[in-house]
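Taking it in order: structure first as structure tokens, then the write-up.
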Protein chains: 2
Amino acid sequence: MARPRKPLLSRERIVTAALSIVDAEGLQAVSTRRLAADLGVSGPSLYNHFPTKDEILDAVADSVVAQVDLSMFDGPGDWRTALLEWARSYRAALTAHPNIVPLLAQGPGRRPTGLRMADAVFGAMVRAGWPPAQATRVGALMRYFVAGSALGSFARGFVDDPDAYDPAAYPHLGQAHLLADRQEHVDQGAFETGLTALLDGLALQFERLD
Amino acid sequence: MARPRKPLLSRERIVTAALSIVDAEGLQAVSTRRLAADLGVSGPSLYNHFPTKDEILDAVADSVVAQVDLSMFDGPGDWRTALLEWARSYRAALTAHPNIVPLLAQGPGRRPTGLRMADAVFGAMVRAGWPPAQATRVGALMRYFVAGSALGSFARGFVDDPDAYDPAAYPHLGQAHLLADRQEHVDQGAFETGLTALLDGLALQFERLD
DNA sequence: ACCTGAACACCGTTCAAGT
DNA sequence: ACCTGAACACCGTTCAAGT
């Protein structure tokens with residue numbers, strides 16, 4: 001074929017196709033040859049649009065974080081409600097693409113949407129009366145909790161097999177295998193419980209500021 | 001050489017060597033050939049001790065989680081102090097081997113030390129008076145926070161270069177490049193602030209139980 | 001500028017062969 | 001049982017060649 005009049009690829013098409021593979025078959029299923037085949041081109045073509053495979057996956061992670069709603073930080077709402085809504089939107093974006101979450105480990109700093117998010121949270125917290133140093137911490141610790149909840153799905157680890165758990169070794173986990181079934185439910189409950197606790201605790205600290 | 005009288009390898013030696021590579025050069029530097037070379041054997045030898053490379057890395061992750069102190073759950077202390085000390089020990093174990101953290105994404109369920117940890121937390125919370133359903137959530141949400149804090153080091157993302165941050169795009173991040181320097185400090189502060197908030201919030205929920 | 005096939009150095013894993 | 005070298009199908013990436 002050689003060069004067509006109109007480019008066959010674009011960064012956007014590549015990112016979309018890569019995310020499809022990640023969602024359907026996991027991170028490890030993404031190879032440059034496979035991704036290119038899905039797009040109807042040959043492997044090396046991708047290098048006209050991204051310098052490395054890692055940067056493709058970076059862009060995929062960025063596209064997921066871009067789905068997080070940040071509008072609650074513009075509105076007139078109080079900081080607590082804004083953090084609550086942001087955390088839920090953030091978690092929803094991540095759990096919609098769970099296979100991508102390990103990729104967020106590299107930190108959001110270099111990714112533009114991660115920066116935009118950090119900026120929005122920090123700005124809103126300062127506007128609400130948090131001192132800048134505290135505002136930085138609030139943004140970071142909320143992110144820890146949300147990322148951890150999407151990443152480390154506590155219940156996902158439990159196998160749906162009673163024989164997997166020796167009661168002598170794990171005396172309190174007799175019912176652990178039941179959790180596999182209700183994984184999403186457990187995660188959801190733990191997330192909401194933790195979110196409430198975190199915001200309650202931050203409210204106590206905010207009261208003590210003056 | 002063929003088979004020696006005494007085995008050259010053991011699961012433990014393999015895990016130790018793999019962790020050294022992960023710590024020094026990152027997850028991606030671990031290949032079966034490289035790992036075997038560090039151990040003075042040829043690549044396929046590893047398959048006498050582990051069925052796959054993934055299981056080697058799983059064992060490495062397990063060995064890190066095994067460093068977490070759980071003794072505070074046996075003692076006579078209150079649940080809040082136990083959770084506080086556990087969270088710090090947990091975070092210390094993970095931040096000592098930051099490159100391993102993305103691997104924890106697969107969940108702790110299948111790994112024996114992760115199960116032992118879940119069992120200890122759950123048992124101690126129930127003993128302290130938390131209803132079982134809540135005790136499960138408490139264990140999970142604490143894990144979210146600690147894993148997230150080790151994983152997503154908020155500050156790590158910031159590049160130590162003022163030009164990296166266009167003030168028009170990120171109006172509140174003018175000083176962001178300063179964070180790179182103080183990354184560990186920021187993370188530490190955010191972790192402690194979040195930990196206090198989380199425990200304060202859980203204490204409020206605990207009071208409302210009866 | 002943007003795509004191609006060929007090529008490079010590397011992977012994880014299998015397996016027959018050695019002791 | 002535990003190690004070896006050879007081999008398989010794959011990888012990310014480079015590059016000269018095509019339009």
Side-chain angles (χ1 to χ4, degrees), chain A residues 1-63 99-100 102-103 105-106 110, chain B residues 1-63 99-100 102-103 105-106 110:
Chain A
M1 176 182 320
R3 172 163 116 91
R5 314 166 173 236
K6 208 161 183 234
L8 296 175
L9 294 179
S10 67
R11 287 176 62 99
E12 200 196 346
R13 281 198 67 221
I14 293 170
V15 168
T16 303
L19 181 56
S20 293
I21 299 176
V22 170
D23 284 343
E25 306 175 43
L27 265 179
Q28 101 216 103
V30 182
S31 77
T32 54
R33 285 169 174 87
R34 157 70 192 278
L35 174 56
D38 282 10
L39 288 160
V41 298
S42 82
S45 301
L46 301 171
Y47 291 86
N48 286 297
H49 302 269
F50 286 95
T52 63
K53 177 192 168 185
D54 277 353
E55 296 217 22
I56 296 176
L57 291 177
D58 244 45
V60 172
D62 206 50
S63 77
N99 295 335
I100 247 315
L103 224 71
Q106 279 134 252
R110 274 145 247 251
Chain B
M1 176 182 320
R3 173 163 115 93
R5 311 162 175 241
K6 202 147 186 254
L8 297 174
L9 294 179
S10 66
R11 288 175 62 98
E12 201 196 344
R13 280 198 68 222
I14 293 169
V15 168
T16 303
L19 181 56
S20 291
I21 300 174
V22 170
D23 284 345
E25 305 174 44
L27 265 180
Q28 103 217 102
V30 181
S31 76
T32 55
R33 286 168 173 88
R34 158 70 191 279
L35 175 56
D38 283 9
L39 288 160
V41 297
S42 83
S45 302
L46 301 172
Y47 291 86
N48 288 297
H49 303 269
F50 286 94
T52 63
K53 178 191 167 186
D54 276 354
E55 296 217 22
I56 296 175
L57 291 177
D58 244 44
V60 172
D62 206 48
S63 77
N99 295 336
I100 243 325
L103 225 69
Q106 278 132 253
R110 272 144 248 253

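In what follows, chains carry the letters A, B, and so on, assigned in the order in which the sequence lines appear, proteins first and then strands, with residues in each chain numbered from 1.
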*Give the minimum heavy-atom separation between A:Ala18 and A:Val30, together with the two atoms involved.*
O-CG2, 4.2 Å
*Please identify each residue that fulfils salt bridge (Lys or Arg N to Asp or Glu O under 4.0 Å) with B:Asp38, with sequence neighbours left out.*
B:Arg34
_Per A:Pro44 side chain, nearest of listed nucleotides D:dC3, D:dG5, C:dA6_ = C:dA6
_From A:Ile56, A:Leu19, A:Val41, residue fulfilling side chain to side chain contact (heavy atoms under 4.5 Å, CB included) relative to A:Ile14_ = A:Ile56
*To the nearest Å, how far apart are A:Arg11 CZ and C:dC2 P?*
13 Å
*Using a heavy-atom distance cut-off of less than 4.0 Å, which residues of residues 46-53 of chain B contact DNA chain C?*
B:Tyr47, B:Thr52, B:Lys53
*Nearest heavy-atom neighbours spanning B:Pro4 and B:Pro7*: CG-CA, 4.4 Å
*Please round to the nearest 0.5 Å and tell me the distance separating atom OG of B:Ser31 and atom CD1 of B:Ile21.*
7.5 Å
_Does a side-chain N or O of B:Ser42 approach OP1 or OP2 of D:dT4 to a distance below 4.0 Å, or not?_
yes
*Give, ordered by number, those residues of residues 13-23 of chain A having at least one heavy-atom distance below 4.0 Å to an atom of DNA chain C; if nothing qualifies, reply none.*
none
*Provide, to the nearest angstrom, the distance between the NZ atom belonging to B:Lys6 and the C1' atom belonging to D:dC3.*
16 Å
*From B:Glu55 CD over to B:Asp62 CG, what is the distance, rounded to the nearest 0.5 angstrom?*
11.5 Å
*Which distance, rounded to the nearest 0.5 Å, do you find between the CG of A:Leu39 and the OG of A:Ser20?*
9.5 Å
*Hey, mind stepping through A:Leu35 and A:Leu46 against side chain to side chain contact (heavy atoms under 4.5 Å, CB included) and telling me if it holds?*
CA-CA 9 Å; A:Leu35 174 56; A:Leu46 301 171; 4.1 Å; yes
*Atom CG of B:Leu8 to atom P of C:dG18: distance rounded to whole Å?*
19 Å
_Dot-bracket summary - DNA chain D, pairs being Watson-Crick or G-U whose distances fall under 3.5 Å, with | when paired to another strand_ = ||.|||||...|||||.||
*asked:* Please give me every residue in residues 25-35 of chain A whose heavy atoms get under 4.0 Å of an atom in DNA chain D, ordered by residue number.
replied: A:Val30, A:Ser31, A:Thr32, A:Arg33
_Quick check: closest heavy atoms across A:Leu9 and A:Ser45, and the distance to 0.1 Å?_
CD1-CB, 3.9 Å
*To the nearest 0.5 Å, what is the distance between CG (A:Asp58) and OG1 (A:Thr52)?*
8.0 Å
*asked:* Assess the residue pair A:Phe50 and A:Thr32 against the criterion (side chain to side chain contact (heavy atoms under 4.5 Å, CB included)); give the C-alpha distance rounded to whole Å, side-chain angles, the decisive distance to 0.1 Å, and a yes or no.
replied: CA-CA 11 Å; A:Phe50 286 95; A:Thr32 54; over 6 Å; no
*Residue pairs, two or more places apart or on separate chains, that pass salt bridge (charged side-chain N to carboxylate O under 4.0 Å, His left out) and touch residues 11-23 of chain A*: none
_Without decimals, in angstroms, what is the distance between A:Asp54 CG and D:dC11 P?_
16 Å
*Which atoms form the tightest heavy-atom contact between B:Gln28 and A:Asp54, and what is the distance?*
NE2-OD2, 4.4 Å
